There are 2 protein chains.
Amino acid sequence: MTSEASTGEKGGVRPRPTLAAVARLAGVSVSTASLAFSGAGPVSDATKARVAAAADELGYAGPDPRAQSLRRGRSGIIGVVIEERLSDAFRDPMNIALLDGIADVTGAAGSGLLLLTETGDDRAGISSAPMDAIILIGCSTSLEEAVAIVRQRGLPIVAVEARELEGVLPIGLDNRAASATGARHLRSLGHSDIGVVTLPLERSHVPRPLPADWERVATAHTSAERLRGVLDVYPEARGFAASASTIEAGREAGLALLAGDRATVPTAIVAQSDLLAIGVIRAADEVGMIVPGDLSVVGFDGIRGEVLGGIDLTTLVQPAVEKGRAAGRAALQLLDGGPAEPADFTSVFHPGGTTAPPRTR
Amino acid sequence: MTSEASTGEKGGVRPRPTLAAVARLAGVSVSTASLAFSGAGPVSDATKARVAAAADELGYAGPDPRAQSLRRGRSGIIGVVIEERLSDAFRDPMNIALLDGIADVTGAAGSGLLLLTETGDDRAGISSAPMDAIILIGCSTSLEEAVAIVRQRGLPIVAVEARELEGVLPIGLDNRAASATGARHLRSLGHSDIGVVTLPLERSHVPRPLPADWERVATAHTSAERLRGVLDVYPEARGFAASASTIEAGREAGLALLAGDRATVPTAIVAQSDLLAIGVIRAADEVGMIVPGDLSVVGFDGIRGEVLGGIDLTTLVQPAVEKGRAAGRAALQLLDGGPAEPADFTSVFHPGGTTAPPRTR
DNA sequence: GCGCGTAGTCGAATCGATTCGACACGGGCA
DNA sequence: TGCCCGTGTCGAATCGATTCGACTACGCGC
């Protein structure tokens with residue numbers, strides 16, 4: 001009878017054996033088999049061995065995660081919502097570092113990361129994927145919407161660098177203060193006319209000069225905060241919104257700010273990311289300006305390595321990986337029911353070789 | 001009685017309402033509620049409306065994905081296994097492009113991507129995450145192991161650029177042939193002494209000269225194939241295995257190959273990735289060699305954009321995004337029970353400005 | 001006017017595990 | 001000798017949905 005077990009010997013698409021089958025073969029009840037398998041509960045060694053043998057014989061691959069997650073009310077999956085296309089989001093090393101930090105923590109806790117892109121109207125994932133918690137990163141525009149959906153599902157929400165929102169645990173960065181520090185550095189060097197290259201401010205990532213009503217139209221929290229930080233010090237700064245956090249977009253923005261007579265262009269530019277800063281430097285190079293002689297450039301992020309091409313960028317170094325870890329930890333704590341305290345990270349000013357006093361003209 | 005619905009008005013951790021609760025409030029059976037909600041089956045408009053109203057009142061967020069996935073035997077999740085740490089894997093734009101291609105297809109089909117890293121002994125994800133299929137990318141060393149686990153779970157497996165393996169649907173690239181094409185290009189230019197910088201060949205990513213017994217110790221399929229392609233044309237080529245697919249690792253390898261008397265170093269280097277190639281070019285620059293005057297360099301991948309820094313690299317352009325799409329499609333087909341045919345992609349040789357005839361010496 | 005098909009609804013089984021409470025048995029302690 | 005408790009095992013409820021088969025009316029055709 002139970003020798004139907006041998007079915008699996010060779011056949012084609014044999015259905016996955018269940019715990020019940022294992023129990024039957026081992027001659028014990030399902031509950032005992034479960035106990036034996038999970039190690040919880042008192043089970044005699046002999047029984048344990050028989051169950052193990054039966055499982056082995058049937059090729060039982062362990063409890064079905066679907067059934068398990070239903071019963072336990074946990075799926076062991078944490079959703080990560082990324083606003084843009086993956087290829088866009090991952091162009092910036094900061095996002096990768098962030099994700100790496102998250103993966104570091106959640107991976108260690110045995111949770112998987114479910115990547116949810118928010119492109120188009122693909123709400124499907126957010127509204128119906130099996131998750132225990134969700135981490136929003138780089139989500140600006142549609143934040144409210146996403147939060148509403150997720151909240152209705154009763155999932156804990158962690159948001160990295162988002163504006164305060166009811167029921168959302170924030171992982172913050174001192175964007176405004178840090179940017180102000182960078183700006184003050186320029187002021188102390190003697191700069192009085194500076195430009196700002198911002199990250200995309202609104203949903204439509206169209207590169208353009210900063211509109212006067214940017215406060216009203218801005219939906220990207222990080223960009224807005226960093227901009228405020230600069231304006232705190234230089235209320236008159238001219239701005240240009242880049243189309244993305246890439247070198248190319250930075251170059252484009254840089255060319256726009258540096259166009260015109262040398263006497264009328266800013267003597268320093270604050271870029272809201274290091275990639276943008278590198279682009280600005282490239283633009284300066286193209287219009288024949290020397291950095292930092294003719295133009296000082298400040299970045300943000302503190303990326304390292306190849307992309308910099310050996311440049312020692314003056315920038316604000318943010319602990320991206322650590323930020324990711326904090327987000328991961330917070331998500332885990334929340335889904336454990338425990339309270340998680342919001343984290344706030346601080347960027348460190350790194351004076352590099354791309355800033356200097358303005359050339360007297 | 002049923003006014004307990006109002007509990008959710010403000011309270012703390014109200015448990016998520018179930019379909020049963022909705023049905024009760026609407027005064028219909030659970031089965032009818034289910035039918036009404038999913039739209040399947042004949043339900044009168046009046047009933048549908050009442051169910052919808054009840055769901056609305058209770059704040060029902062739709063069927064619990066966990067229960068759904070148990071019943072349906074599907075979780076709507078596709079696992080993507082990445083061998084290394086995310087920050088390492090995503091340093092190479094090719095991997096991002098690949099993932100983007102996968103996400104493109106699976107996202108459109110409503111499936112989420114579960115990121116599983118294979119760092120350490122963290123088999124947890126692979127062996128127990130709720131997934132419907134799995135895609136292995138850049139998995140070399142521990143391929144067999146991973147495949148064994150997943151196969152026992154009865155999941156369809158798609159592997160990108162892996163060696164043939166029973167029960168695994170391969171998505172291939174003409175690594176060997178394409179590399180040979182690159183090598184023949186060098187031969188036709190007149191080079192007779194070339195070097196190869198390979199991607200990591202084994203688990204331990206230690207940079208070192210290619211050992212004589214590399215065939216035996218190599219576990220990375222892609223690297224090995226690309227190497228074979230070059231050796232097909234230049235059996236005597238000297239090799240150096242880089243520690244990663246990064247510019248820095250390429251530079252390091254380049255310096256190693258270019259050390260010594262100018263007369264004894266290779267006149268051309270084939271790098272197994274564009275990032276490595278850029279590193280090699282940087283190394284050449286450092287030791288005072290001009291590319292392509294003193295040294296020709298061939299890459300692999302066909303990355304574009306900033307990292308290249310304006311270099312027109314001679315390389316083999318592979319359709320990475322398309323490869324990802326194919327992998328995604330294959331996974332979807334397999335989990336639909338349908339047969340999926342393996343895909344094989346072809347790289348296109350792009351003659352750039354980094355190769356030239358060797359300087360006569 | 002009778003029977004049959006169908007729209008609409010419901011009850012119950014099912015997916016595969018976990019876990020609580022109950023039960024039987026044997027040994028230690030009073 | 002009798003009682004209690006811990007160990008090992010089992011049955012049954014439960015998680016939350018989907019879906020099959022059955023049942024009730026009702027309308028239509030013959």
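Computed from a prediction, not measured in an experiment: that's the story for all the values here. All heavy atoms count here, side chains included; hydrogens, waters and symmetry mates do not. Quick note on labels: first sequence line is chain A, next is B, and so on, each numbered from 1.
- Taking B:Ser34 as the reference, nothing meets the side-chain hydrogen bond (donor to acceptor under 3.5 Å, both in side chains) condition, with sequence neighbours excluded.
- Contact annotation for B:Ser31: base contact, defined as any heavy-atom pair under 4.0 Å involving a base atom.
- Axis angle, first five pairs versus last five pairs of the helix from C:dG1-D:dC30 to C:dA30-D:dT1: 50°, rounded to 10°.
- Looking at residues two or more places apart in sequence or on another chain, you find a side-chain contact (heavy atoms from CB on, under 4.5 Å) between A:Thr222 and A:Glu161, A:Asn175, A:Arg226.
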Checklist entry - Can A:Val158 and A:Ile78 be said to form a side-chain contact (heavy atoms from CB on, under 4.5 Å), step by step? => result CA-CA 11 Å; A:Val158 174; A:Ile78 293 178; over 6 Å; no

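- Contacts between chain A and DNA chain D, taken as any atom within less than 4.0 angstrom of a protein heavy atom, begin and end at D:dG8 to D:dG16.
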Checklist entry - Passes side-chain contact (heavy atoms from CB on, under 4.5 Å), B:Leu114 versus A:Leu115? Steps please. => result CA-CA 6 Å; B:Leu114 186 65; A:Leu115 232 49; over 6 Å; no

Between N or O atoms, less than 3.5 Å apart, protein on one side and nucleotides 23-27 of chain C on the other: list the pairs.
none

Item to check | Stepwise side-chain contact (heavy atoms from CB on, under 4.5 Å) check, B:Val51 with B:Val22 | outcome: CA-CA 7 Å; B:Val51 171; B:Val22 173; 4.2 Å; yes

Side-chain donor/acceptor pairs under 3.5 Å, residues 40-47 of chain A, sequence neighbours excluded:
from	atom 1	to	atom 2	distance (Å)
A:Ser44	OG	A:Thr47	N	3.3
A:Ser44	OG	A:Thr47	OG1	2.7

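- When the side-chain nitrogen and oxygen atoms of B:Thr47 are compared with OP1 and OP2 of C:dT9, one or more of them lie within a distance under 4.0 Å.
- Comparing A:Asp64 and B:Lys48 by the nucleotide of DNA chain C that holds the closest heavy atom to each, the one mapping nearer the 5' end is B:Lys48.
- In this structure, the side-chain contact (heavy atoms from CB on, under 4.5 Å) partners of B:Asp132, at least two apart in sequence or on a different chain, are A:Arg66, B:Arg74, B:Ser75, B:Leu335.
- B:Arg153 places a side-chain N or O within donor-acceptor distance of the main-chain N or O of B:Ile126, the cut-off being under 3.5 Å.
- Distances shorter than 4.0 Å separate some side-chain N or O of B:Ser29 from OP1 or OP2 on C:dC10.
- Nucleic acid contact for B:Ser34: base, since at least one base atom lies under 4.0 Å from a heavy atom of the residue.
- The residue B:Pro63 sits close only to the backbone: its heavy atoms come under 4.0 Å of sugar-phosphate atoms, none of a base.
- Residues from residues 67-77 of chain A that place a heavy atom under 4.0 Å from any atom of DNA chain D, listed by number: A:Leu70, A:Arg71.
- Within 4.0 Å of B:Tyr60, counting heavy atoms only, lie sugar-phosphate atoms of the nucleic acid but no base atom.
- Listed by chain and number, the residues in a ring pair (Phe, Tyr, Trp, His ring centres under 6.0 Å) with A:Phe345 amount to none (sequence neighbours excluded).
- Between the A:Ser111 side chain and the A:Gly107 main chain, no donor and acceptor come within less than 3.5 Å of each other.
- Looking at residues two or more places apart in sequence or on another chain, you find a side-chain hydrogen bond (donor to acceptor under 3.5 Å, both in side chains) between B:Arg325 and B:Asp104, B:Glu322.
- When the side-chain hydrogen bond (donor to acceptor under 3.5 Å, both in side chains) test is applied to B:Ser87, the partners found at least two apart in sequence or on another chain are A:Asp100.
- For the ring-ring contact (aromatic ring centres under 6.0 Å, His included) condition, the pairs that include at least one residue of residues 38-78 of chain A, sequence neighbours left out, are A:Phe37-A:Tyr60.
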